[in-house]
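Note sheet for the following structure.
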Amino acid sequence: MGVGPIVVLTGAGISQESGLDTFRDADGLWARVRIDEVATPEAFARDPGRVHAFYNARRRRLLAAEVRPNAAHRALARLERAHPDLLLVTQNVDDLHERGGSRDPLHMHGELLKARCGGCGTVVAWRDDLAITTRCPACAAAGGMRPHVVWFGEIPLQLERIQAALAGCAVFVAIGTSGQVYPAAGFVAVARAAGARTVEANLERSAAGVFDHHFEGPASRSVPALVDALLQGTLSAGA
Ligand code: BJW
């Protein structure tokens, strides 16, 4: 396939049909919980128990038997196998890309199944609830363990690697993201400026006018169609 390097950015919408909440849809997390109570470093400093409760509930949900990767996650793994020059960047903290077969997705907003010590900085795999009393397995300090996620006001992970890939990509694909949170929301403009073709998969096409191609509908249907179009070289004709 001759499309050149591909960067794929995914957001909460790709995991919605797997049983995980999005953030900004009408029934999303931010309709029920205030961002400044659970998703900032200040919130964690003020009331760590509240923040732990929010992430503990989401971690338990992620580990529930019925939460599984869907056809969209699997289609991206298929694209990666056929086209190794692909960087999969996800804003999601779930592990559904890994479970769907993707080898090494870049989790720019962190991972819910990891915890980090605010004292020594150690990052460890974590599947249990976190509490104020949880001790760091490395330095044994209590009180500093937090979910390994990126809150508002914190710097997303591996931005240099992402920026380098965006600067060299021929195709940029955004899937299931509302494009409201920066810096991820600006990636499409960076890719466009680098000459990439830009592709969106979402329930509805975004109004911003920065995408060349649109695949509308639930990700479990639109993403396999998008991947087929990329692999068959029919993107221009297809959407
Ligand atoms: C479907 C579907 C289906 C549904 N099929 N589709 C003013 C202007 C500009 C920027 C700022 C500003 N003030 C502050 C900022 C910066 C701030 C920011 O962007 N704020 C905006 C709200 C204005 N950003 C930050 O603070 C970031 N850090 C930063 O900027 O550092 C400074 C810096 C950067 C670079 C260099 C140097 C310095 C950090 C942002 C951290 C975001 N964290 C969260 C929580 C992570 C942990 C957790 O999971 O709890 O990340 S917030 C939340 O939003 C989460 C998500 O990853 C992120 C994006 O959400 P996403 O994925 O787009 O989900 P939704 O719900 O918004 O959209 C779902 C979409 O799916 C919709 O479009 C649906 O239609 C669609 N959909 N079902 C297909 N079945």
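For ligands, and for the atoms within them, numbers begin at 1 and follow the listed sequence. Numbers here simply count residues along the sequence, with the first being 1.
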- Taking C-beta and beyond as the side chain, do Leu63 and Leu113 meet within less than 4.5 Å on heavy atoms? yes

- Task: Using a 4.0 Å heavy-atom cut-off, say whether Gln180 meets ligand 1 through its side chain, its backbone, both or neither.
- Result: backbone

- Message: Below 4.0 Å, non-hydrogen atoms only: which portion of Val149 touches ligand 1? Side chain, backbone, both or neither.
- Response: side chain

- Message: Considering non-hydrogen atoms of the protein only, which is the closest contact for atom 27 (C) of ligand 1, and what is the distance?
- Response: Tyr182 O, 3.3 Å

- Task: Mark up the atoms of ligand 1 that fall under 4.0 Å of a heavy atom belonging to Val181, in ascending order.
- Result: 19 (O), 40 (C), 42 (C), 54 (O), 58 (C), 59 (C)

- Query: For atom 59 (C) of ligand 1, what's the nearest protein heavy atom and its distance?
  - Reply: Gln91 OE1, 3.4 Å

- Message: Please report whether atom 39 (C) of ligand 1 has a protein non-hydrogen atom at a separation of less than 4.0 Å.
- Response: yes

- Using 4.0 Å as the upper bound for N to carboxylate O, is an ion pair formed by Arg205 and Glu200? no

- Should the pair Trp30 and Phe23 be assigned to parallel (<30°), tilted (30 to 60°) or perpendicular (>60°) ring geometry? tilted

- Item | Atom indices of ligand 1, in the order listed, that fall short of 4.0 Å to a heavy atom of Trp151 | 39 (C), 41 (C)

- Message: Under 4.0 Å from a heavy atom of Gly11: which atoms of ligand 1 are those, numbered in the order shown and with their elements?
- Response: 62 (O)

- Donor-acceptor contact below 3.5 Å, side chain Ser102 vs main chain Pro105: no

- Task: Please work out which of Ala12, Gly217, Gly176 has its closest non-hydrogen atom nearest to atom 71 (O) of ligand 1.
- Result: Gly176

- Task: Please check if a non-hydrogen protein atom sits closer than 4.0 Å to atom 16 (C) of ligand 1.
- Result: no

- Can you confirm whether something in the protein, heavy atoms only, sits under 4.0 Å from atom 35 (C) of ligand 1? yes

- Task: Ignoring hydrogens, tell whether any protein atom lies closer than 4.0 Å to atom 12 (C) of ligand 1; use the non-hydrogen atoms only.
- Result: no

- Find all atoms of ligand 1 within a distance of less than 4.0 Å from any non-hydrogen atom belonging to Glu17, and give their numbers and elements. 80 (N)

- Message: Let me check something: do Leu9 and Leu226 share a hydrophobic cluster, defined by ILVMFWY side-chain heavy atoms less than 4.5 Å apart, either directly or through other members?
- Response: no

- Note on the structure: Check: of Glu154, His109, Glu160, Arg58, min heavy-atom distance to atom 48 (C) of ligand 1 comes from Arg58

- Has the side chain of Thr198 got a donor or acceptor atom that lies under 3.5 Å from a matching backbone atom of Val188? no

- Item | salt_bridge(Arg60, Asp128) N-O dist < 4.0 Å | no

- Message: How far is atom 60 (O) of ligand 1 from the closest protein heavy atom, and which atom is that?
- Response: Arg24 NH1, 3.0 Å

- Query: Does Gln16 approach ligand 1 within less than 4.0 angstrom via side chain, backbone, both or neither, non-hydrogen atoms only?
  - Reply: side chain

- Message: Quick test: of every protein heavy atom, which one is nearest to atom 76 (C) of ligand 1, and how far off is it to 0.1 Å?
- Response: Asn202 OD1, 3.2 Å

- Note on the structure: Per-atom filter on ligand 1: closer than 4.0 angstrom to a heavy atom of Tyr55 are 47 (C), 48 (C), 50 (O)

- Look up atom 7 (C) of ligand 1 and tell me if a protein heavy atom lies less than 4.0 Å from it? no

- Task: Give the numbers and elements of all ligand 1 atoms closer than 4.0 Å to a heavy atom of Pro218.
- Result: 5 (N)

- Message: Counting only heavy atoms closer than 4.0 Å, does ligand 1 sit against the backbone of Pro156, its side chain, both, or neither?
- Response: side chain

- Gly153 touching ligand 1 at heavy-atom level, < 4.0 angstrom: yes

- Would you call the rings of Tyr55 and Trp151 parallel, tilted or perpendicular, where under 30° means parallel and over 60° means perpendicular? tilted

- Pull out every atom of ligand 1 sitting under 4.0 Å from any heavy atom of Leu159, numbered as shown with elements. 35 (C), 36 (C)

- Salt bridge present between Arg58 and Asp21 (N-O < 4.0 angstrom): no

- Task: Could you say whether the N/O atoms of Asn92 and ligand 1 ever approach to under 3.5 Å?
- Result: no

- So which of Ile35, Asp94, Ile175, Val150 gets nearest to atom 43 (N) of ligand 1, if we judge by its closest heavy atom? Val150

- Query: What do you think, any protein heavy atom under 4.0 angstrom from atom 2 (C) of ligand 1?
  - Reply: yes

- Message: Quick check against the 3.5 Å criterion: does Arg146 have a side-chain atom that pairs as donor or acceptor with the backbone of Gly118?
- Response: no

- Ala219 heavy atoms, cut-off 4.0 Å: which ligand 1 atoms fall inside? 3 (C), 5 (N), 79 (C)

- Message: Using the rule side chain to side chain contact (heavy atoms under 4.5 Å, CB included), only one of His148, Glu111, His107 pairs with Leu157; which is it?
- Response: His148

- Task: Using a 4.0 Å heavy-atom threshold (strictly under), name the region of Val93 that reaches ligand 1: side chain, backbone, both or neither.
- Result: side chain

